[in-house]
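Inspection log for the structure reproduced underneath, given as structure tokens.
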Amino acid sequence: MIKKKDMPVFALVDCNNFYVSCERVFNPGLAHRPVIVLSNNDGCAVARSNEAKALGITMGVPVFKIRHLIDLHDVQVFSSNYVLYGDMSSRVMQTLSAFAPAMEIYSIDEAFLSLGRLAFTDLTAYGQQIRHTVKQYTGIPVSIGMAPSKTLAKLAAGIAKKSNKAAGVLDLTAPRFRDRALEMTPVEDVWGIGRQYARYLQIRGIRTARDFRDADIGRFKKKMGINGVRIQKELRGESCYDLETDDPGKKTISVSRSFKTPVTDFDSLSEAVSTYIVRGGEKLRAQGSHAEAMTVYVTTSRFKPDSFYYNSDTTSFPTALNYTSALLAHGRTALKRIFRKGRAYTKAGVIFSDLTRNGIYQQDLFDTSDRSRADRVMETMDRINLQMGAGTVTYPATGMGRDRSWTTVFNHRSSAYTTDWHQLLTVGP
DNA sequence: TCTGGGGTCCTAGGACCC
DNA sequence: TCTGGGGTCCTAGGACCC
């Protein structure tokens, strides 16, 4: 039995409808109105205000399927503005970091805090203090759940978000409140149980988080593996997933985009792939990595199964690379191997894998001077693009930023209010 | 007509070795 | 030559997450 003072306490802080909330911070007229934010190419709804959810707009629904709802209810529509959301996320995380000795940034809009070593009499009051501070400093509303395991903390935050009574904070550290909370949570809402597992469980009579917690896990172990066992333990209040505080770096880095309109010719496809390689190279260098392998892939529309074509090519590099010119050369060769004439390509992408970190990679003994020169060129280009804006300096292979059939569209993009001096919010007449 | 992007982990099965 | 057992490594695919 774990003594109470040794019980870990996790708090999960979750930004409400994060992308929509970011837009609202700089456009107060959006309050209380249905608002959605779209995926790349303005394809799907990926964030929805509560008012938009109430209209029946579901996560990931294609815009063309909800056009009538948008028109009928005057839904406010925004393209994704990742520069804005990324910057707002940093502000939220910075604010949160003052409230706990340790924090794990779990995603762009969620963080786990470790509260176990703080001696609280009233966790709920502390949660409210966090909420109000984040709202005051950043304008972003958050929901908070507390519990002795991450899975329970997530579940608590989910209820905190929906329940009026909870007012944005739910403390489930006391076991006596958990039965009710788990009963009102559908099994598919449990962290780690997705569509496939939920369907499997529902057929076998497991409908709520409580059903799953109290079930004989032997029935589901074969299907769900070790994670199923862990999820159940976590629901029982036994922590299986620790706070992960240090960023180990990405193990793979990928860049892909769907095209505005289908692409048929090699040169356009090559420009697109080159553009993604350039971006991928920046990401590699930003985390101090070199890649030992690169996969290039192209695909036609998966919504047209009759003419569907997908192909990929993986190149293994003799020495780990992050020098863009070299990556581009390999990319072009790879694309030649998988390109087939007469196909209407709708998407391409590149994945870097087998990453090394912090410059620990096999040096080629004979070209150290060239390599350091290449490193300096990359450093300079990355710095200019960071300061002057993405794509200020780039490579001919990318088509030099000219608008092409494959260029991603953002027809409803808001300004980069927080990161670009030229796009500061204008107040007054 | 119009359907996103970027990740992680686990497992089963094959190749290979002793 | 055939057979058995056990171990490791790698990869593809499937599940999940936001």
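Throughout, a chain's letter reflects where its sequence line sits, starting with A, and its residues are numbered from 1.
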message: If the test is side-chain contact (heavy atoms from CB on, under 4.5 Å), which one of Met224(A), Arg207(A), Lys223(A), Glu188(A) qualifies with Leu201(A)?
response: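 When side-chain contact (heavy atoms from CB on, under 4.5 Å) is applied between Leu201(A) and each of Met224(A), Arg207(A), Lys223(A), Glu188(A), only Met224(A) qualifies.
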Nearest-Å distance for atom pair [atom1]/[atom2], residues [X] and [N]:
X         : N       : atom1 : atom2 : answer
Tyr241(A) : dT8(B)  : OH    : P     : 16 Å
Ile105(A) : dT8(B)  : CD1   : P     : 16 Å
Met59(A)  : dC18(C) : CE    : C1'   : 8 Å
Asn40(A)  : dC2(B)  : CG    : C1'   : 15 Å
Leu69(A)  : dC2(B)  : CG    : P     : 21 Å
Glu234(A) : dC16(C) : CD    : C1'   : 15 Å
Lys347(A) : dG4(B)  : NZ    : P     : 7 Å

field: Base of dC17(C) and ring of Trp191(A) stacked, centres under 5.5 Å, planes under 30°
entry: no
Looking at the side chain of [X], which of [options] is the nearest nucleotide?
X         : options                 : result
Ser258(A) : dG6(B), dC18(C), dG5(B) : dG5(B)
Lys250(A) : dG4(B), dG7(B), dG6(B)  : dG7(B)
Ser254(A) : dG5(B), dG6(B), dC18(C) : dG6(B)
Phe64(A)  : dT8(B), dT3(B), dG5(B)  : dT3(B)

Determine the contact category for [X]: base if any of its heavy atoms lies under 4.0 Å from a base atom, sugar-phosphate if only primed atoms, P, OP1 or OP2 are that close, otherwise nothing.
X         : result
Ile226(A) : sugar-phosphate
Arg67(A)  : nothing
Lys260(A) : nothing
Lys283(A) : sugar-phosphate
Asn227(A) : sugar-phosphate
Thr252(A) : sugar-phosphate
Ile193(A) : sugar-phosphate
Arg279(A) : nothing
Val61(A)  : nothing
Val37(A)  : nothing
Asn41(A)  : nothing

Is [Y] paired with [X] through a side-chain N to carboxylate O contact shorter than 4.0 Å?
X         : Y         : answer
Glu51(A)  : Arg33(A)  : no
Asp179(A) : Arg213(A) : yes
Glu110(A) : Lys154(A) : yes

task: Take Met224(A) and Phe303(A), find for each the nucleotide of DNA chain B with the closest heavy atom, and name the residue whose nucleotide sits nearer the 5' end.
output: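 The residue closer to the strand's 5' end, by nearest nucleotide, is Phe303(A).
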field: Pairwise 5' ranking along DNA chain B for Val63(A) and Lys251(A), keeping only the more 5' one
entry: Val63(A)
message: Under 3.5 Å, is there a donor on one side chain and an acceptor on the other for Arg91(A) and Gln94(A)?
response: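 Side-chain D/A pair, Arg91(A) to Gln94(A): absent.
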N or O in side chain of Arg230(A) less than 4.0 angstrom from dC9(B) OP1/OP2: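 No, outside the criterion.
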message: Taking 4.0 Å as the cut-off, does a side-chain nitrogen or oxygen of Ser39(A) come that near to OP1 or OP2 on dT3(B)?
response: no
Tabulate protein N/O versus nucleotide N/O from nucleotides 10-15 of chain C, keeping only pairs under 3.5 Å, one per line.
none

field: C1'-based separation of dC17(C) from dG4(B) [nearest Å]
entry: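 Taking atom C1' in both dG4(B) and dC17(C), they lie 15 Å apart.
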Assigned partner base of dC18(B), Watson-Crick or wobble definition, under 3.5 Å: dG5(C)
- request: State the NZ-CG distance between Lys162(A) and Asn164(A), to the nearest 0.5 angstrom.
  value: 13.0 Å
- request: Output yes when a side-chain donor or acceptor of Thr151(A) lies under 3.5 Å from a complementary backbone atom of Trp191(A), and no otherwise.
  value: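 Checked: no pair found.
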- request: Taking the side chain as every heavy atom from C-beta outward, state whether Tyr310(A) and Thr300(A) have any pair of such atoms under 4.5 Å apart.
  value: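 SC-SC contact between Tyr310(A) and Thr300(A) ruled out.
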query: Of all heavy-atom pairs between Ile57(A) and Val75(A), which one has the smallest distance, and what is that distance?
result: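 That would be CD1-CG2, 4.3 Å.
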